[in-house]
There are 2 protein chains.
Amino acid sequence: MADHLDFVLDQWARERPDLDVSAMGVIGRLSRLSRLVGTELEKAFSAHGLDRGAFDMLATLRRSGPPFALTPAGLMRASMVTSGAITQRLDRLEARGWVTRTPSDSDGRGVVVALTDEGLALINAALPDHVANEERILASLSTEQRAQLAETLRQLLVALGDSPA
Amino acid sequence: MADHLDFVLDQWARERPDLDVSAMGVIGRLSRLSRLVGTELEKAFSAHGLDRGAFDMLATLRRSGPPFALTPAGLMRASMVTSGAITQRLDRLEARGWVTRTPSDSDGRGVVVALTDEGLALINAALPDHVANEERILASLSTEQRAQLAETLRQLLVALGDSPA
DNA sequence: TATTGTTATACTCTATAACTATA
DNA sequence: TATAGTTATAGAGTATAACAATA
């Protein structure tokens with residue numbers, strides 16, 4: 001079965017046969033898939049009253065382990081969004097009672113963002129649904145394909161400068 | 001070499017050993033990579049005074065072949081953005097003199113968007129740089145890995161409802 | 001001087017809906 | 001009634017820069 005990029009590559013082959021546009025077959029699909037997957041992920045989030053940004057913040061705090069606390073700078077590095085977006089996300093999460101902001105002990109400039117009991121309960125409840133949703137999204141791939149895909153994506157990420165922490 | 005998702009999966013293994021979060025290894029990497037690749041693509045666009053949305057419109061018109069004309073609805077389907085975004089993109093492209101909007105002959109409600117000579121020259125010039133940039137982004141993969149990646153992504157896209165045209 | 005977090009600006013996009021002109 | 005395109009609203013993100021407090 002053909003996808004949209006099959007159509008696009010066909011058009012380019014006809015219009016610009018001088019150009020090798022095969023890279024588009026990878027990058028174009030990457031872009032479209034990321035969009036479609038994003039839409040699918042929202043379904044599980046909204047079932048818990050969350051959106052992507054909120055889930056991202058709560059999950060990052062959750063997986064950091066007890067006491068479920070990080071600085072805004074740490075959340076920024078993990079989420080790949082700008083500092084302004086982090087401030088706004090935290091404003092909303094704080095208003096909902098899911099996180100607290102307290103001055104850092106060790107750094108007078110710093111702030112520590114921590115999950116409240118309500119925030120912890122929420123992310124603990126949303127997490128299994130999110131993981132099940134991701135499994136559903138990947139259901140068309142074999143175990144081997146999934147492993148191979150993860151490894152190829154990692155190779156690309158490392159080459160583009162992605163790093164742990 | 002480790003990437004960010006190696007770190008994330010490690011944290012989840014420690015915090016929620018009851019959950020199989022391996023799907024995150026695929027979907028998380030997909031999301032981060034799409035973001036990083038997007039940033040890299042902008043470099044080639046901005047060298048020609050374009051942004052992602054503008055390049056997207058011009059390239060879609062270009063590959064449709066002579067007379068390089070499509071309806072806003074056609075551009076919307078190809079680009080996966082909302083109708084409001086299309087209207088705004090076309091407003092900007094029209095103001096720059098790169099596309100024209102003329103009433104459709106066959107449908108009184110319709111509009112035909114067409115590349116101007118300037119728009120055609122611009123996209124023809126930008127295209128080889130864009131393709132070279134995509135090749136650079138994928139340089140860390142072998143030919144076989146690229147082909148396999150494209151095929152796996154296509155499989156996922158088709159399963160999620162992506163289709164030609 | 002540099003860093004932390006917040007605030008501000010202008011812009012692009014989202015989702016949703018209303019609106020017109022036409023089919 | 002439905003469709004094509006535009007317009008409008010509120011909200012979340014971008015990039016960039018400025019800012020106060022602290023290191």
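Numbered from 1 within each chain, the chains take letters A, B, ... in sequence-line order.
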Ignoring backbone atoms, establish whether [X] has a side-chain N or O less than 4.0 Å from OP1 or OP2 of [N].
{"X": "A/Arg89", "N": "D/dG13", "value": "yes"}
{"X": "B/Ser83", "N": "D/dG5", "value": "no"}
{"X": "B/Thr82", "N": "C/dT14", "value": "yes"}
{"X": "A/Arg35", "N": "C/dC13", "value": "no"}
{"X": "A/Arg92", "N": "D/dA12", "value": "yes"}

Quick one: [X] [atom1] to [N] [atom2], roughly how many Å, whole number?
{"X": "B/Phe45", "N": "D/dT14", "atom1": "CZ", "atom2": "P", "answer": "18 Å"}
{"X": "B/Ile86", "N": "C/dC13", "atom1": "CD1", "atom2": "P", "answer": "9 Å"}
{"X": "A/Glu42", "N": "D/dG13", "atom1": "CD", "atom2": "P", "answer": "10 Å"}
{"X": "A/Asp51", "N": "C/dA15", "atom1": "CG", "atom2": "C1'", "answer": "13 Å"}
{"X": "B/Met80", "N": "C/dA15", "atom1": "CE", "atom2": "P", "answer": "11 Å"}
{"X": "B/Leu90", "N": "D/dG5", "atom1": "CG", "atom2": "P", "answer": "10 Å"}
{"X": "B/Leu93", "N": "D/dT6", "atom1": "CG", "atom2": "P", "answer": "12 Å"}
{"X": "A/Asp91", "N": "D/dG11", "atom1": "CG", "atom2": "P", "answer": "14 Å"}

For A/Arg146 and A/Glu151, what are the C-alpha separation, side-chain angles and deciding distance, and is it a salt bridge (Lys or Arg N to Asp or Glu O under 4.0 Å)?
CA-CA 9 Å; A/Arg146 277 175 51 159; A/Glu151 183 49 38; over 6 Å; no
When you match B/Gly84 and A/Gly53 each to their closest nucleotide on DNA chain D, which lands nearer the 5' end?
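Comparing both residues, the 5'-ward one is B/Gly84.
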Going through the checks in order, is the side-chain contact (heavy atoms from CB on, under 4.5 Å) test met by B/Val131 and A/Asp20?
CA-CA 8 Å; B/Val131 171; A/Asp20 172 9; 5.8 Å; no
Of the candidate nucleotides [options], which contains the atom at the shortest distance from the side chain of [X]?
{"X": "B/Ala85", "options": "C/dG5, D/dG5, C/dT14", "answer": "C/dT14"}
{"X": "A/Arg109", "options": "D/dG5, D/dA23, D/dT3", "answer": "D/dA23"}
{"X": "B/Asp107", "options": "D/dT14, D/dA23, D/dA4", "answer": "D/dA4"}

Give, for atom NE2 of A/His48 and atom CG of A/Asp129, the distance between the pair rounded to the nearest 0.5 Å.
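One finds 3.5 Å between NE2 of A/His48 and CG of A/Asp129.
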Of A/Gln88 and A/Arg101, whose closest DNA chain C nucleotide lies nearer the 5' terminus?
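Result of the comparison: A/Arg101.
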Donor + acceptor pair across side chains of B/Gln145, A/Gln148 (<3.5 Å):
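No donor-acceptor contact under 3.5 Å links the two side chains.
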Evaluate B/Arg62 against A/Glu15 for salt bridge (Lys or Arg N to Asp or Glu O under 4.0 Å), listing each step before the verdict.
CA-CA 8 Å; B/Arg62 175 65 188 86; A/Glu15 288 297 318; 2.8 Å; yes
Over all strands shown, is A/Thr71 touching base, sugar-phosphate only, or nothing at heavy-atom distances under 4.0 angstrom?
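Sugar-phosphate contact only - A/Thr71 comes under 4.0 Å of backbone atoms but never of a base.
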